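To keep things clear, I will list the structure first and then write my remarks on it.
As the structure lists them, so they are numbered: ligands from 1, and atoms in each ligand from 1. Each residue takes its place number in the sequence, starting with 1. Computed from a predicted model, the values in this text were never measured in an experiment. Just so it is clear, the values below take in all heavy atoms, side chains as well, and ignore hydrogens, waters and symmetry mates.
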Amino acid sequence: MEVYTYDFYKKSADYILSKIDFKPEVGLILGSALGSLSDEITDQIVIDYKDIPNFLISTVESHAGKLILGELRGKKVVCMSGRFHYYEGYEFEQLAIPIRVFKLLGVNTVILTNAAGAINKEYIPGDIMIIRDHIKLTGASPVRGKNIPELGPRFFDVTNMYTRELRDLTKKCAYSLNIDIKEGVYFYATGPQFETLAEISAMRILGGDTVGMSTVTEAITAAHCGIKVLGLSLVTNMAAGVLDQPITTEEVDEAGEMASEKLKQLLGEVIEKIGEN
Ligand code: HPA
């Protein structure tokens with residue numbers, strides 16, 4: 001029997017909709033150490049992942065396991081405080097669940113943030129990079145399996161997955177806030193080990209600017225069901241081999257916390273301006 005049916009996701013969405021009296025239009029999935037961005041959401045309805053039928057449970061300590069619904073800068077939002085990664089042991093198909101549930105809640109735009117290592121030697125920790133595109137050469141697609149036509153077509157275009165209008169808006173907002181912003185390619189690695197020196201050299205040759213273990217499964221799922229995507233990498237460390245020192249979880253978390261204020265400001269502005277033209 002097919003597990004991932006339209007009704008499977010609808011069961012999660014119906015539960016969430018029964019707890020709120022609005023439909024969120026913007027979905028937020030915040031990476032490690034960036035969870036505090038959700039503090040700005042007003043009129044919060046907080047739902048534990050474990051209470052949502054068919055949802056997943058986060059296993060990473062630094063990620064909270066809650067869905068926060070409410071209002072942010074005039075927009076109705078749903079925010080995942082804590083996301084799911086392949087390295088936790090989920091199958092790729094399971095990683096499609098949150099975005100498909102977002103879709104059934106009414107979300108039309110998602111903002112995905114991540115902590116990432118800088119492959120590009122011109123970047124430094126604390127930099128924010130708009131994801132223009134990604135490279136995923138390992139692992140399966142999150143939308144493999146029997147297609148669900150109510151969500152999207154079997155084969156689908158991903159050439160505008162990281163929507164240009166959202167990237168342009170983010171550049172404008174960064175400029176008005178005097179925040180230096182990069183734009184580049186995010187290279188997906190399954191983890192949980194950080195990369196080898198040779199892997200980073202190869203990723204640089206292939207065109208990667210940042211590397212990380214999240215975001216792409218969500219972006220692909222969003223592209224399938226017609227949700228616009230903005231992806232942002234927060235550079236928390238130089239990737240393996242750029243500096244003559246090992247990468248530590250502590251530096252990743254610290255840099256994430258230090259730059260989260262800047263990212264919070266930027267995201268607030270972007271969310272306020274989404275849909276304005
Ligand atoms: N590699 C992979 N994922 C990461 C890194 C890294 O260097 N830094 C933060 N997340």
*asked:* When you compare the side chain of Lys10 with that of Tyr15, does any pair of heavy atoms fall below 4.5 Å?
replied: no
*Has Lys11 got its NZ or CZ under 6.0 Å from the middle of the six-membered ring of Tyr4, at an angle within 45 degrees of the ring axis?*
no
*Hey, does Tyr87 have a side-chain heavy atom less than 4.5 Å from the side chain of Thr190?*
no
_Contact residues of ligand 1, where a non-hydrogen atom lies under 4.0 Å away_ = Ala115, Ala116, Gly117, Phe194, Glu195, Val211, Gly212, Met213, Thr236, Asn237, Ile247, Val252
*Determine, using ring centers only, whether Phe102 and Tyr9 are less than 6.0 Å apart.*
no
Extract all donor-acceptor atom pairs below 3.5 Å that involve side chains of residues 217-234 and protein atoms in other chains or at least two apart in sequence.
{"unit_1": "Glu218", "atom_1": "OE1", "unit_2": "Arg83", "atom_2": "NE", "d": "3.3"}
{"unit_1": "Glu218", "atom_1": "OE1", "unit_2": "Arg83", "atom_2": "NH2", "d": "3.0"}
{"unit_1": "Glu218", "atom_1": "OE2", "unit_2": "Arg83", "atom_2": "NE", "d": "2.8"}
{"unit_1": "Thr221", "atom_1": "OG1", "unit_2": "Thr217", "atom_2": "O", "d": "2.7"}
{"unit_1": "His224", "atom_1": "ND1", "unit_2": "Arg100", "atom_2": "NH2", "d": "3.4"}
{"unit_1": "His224", "atom_1": "NE2", "unit_2": "Asn147", "atom_2": "OD1", "d": "3.0"}
{"unit_1": "His224", "atom_1": "NE2", "unit_2": "Gly152", "atom_2": "O", "d": "3.4"}
{"unit_1": "His224", "atom_1": "NE2", "unit_2": "Pro153", "atom_2": "O", "d": "2.9"}
{"unit_1": "Lys228", "atom_1": "NZ", "unit_2": "Glu165", "atom_2": "OE2", "d": "3.4"}
{"unit_1": "Ser233", "atom_1": "OG", "unit_2": "Asn114", "atom_2": "OD1", "d": "2.8"}
{"unit_1": "Ser233", "atom_1": "OG", "unit_2": "Thr210", "atom_2": "OG1", "d": "3.2"}

_Do Tyr86 and Tyr188 have side chains that approach each other closer than 4.5 Å (heavy atoms only, starting at C-beta)?_
yes
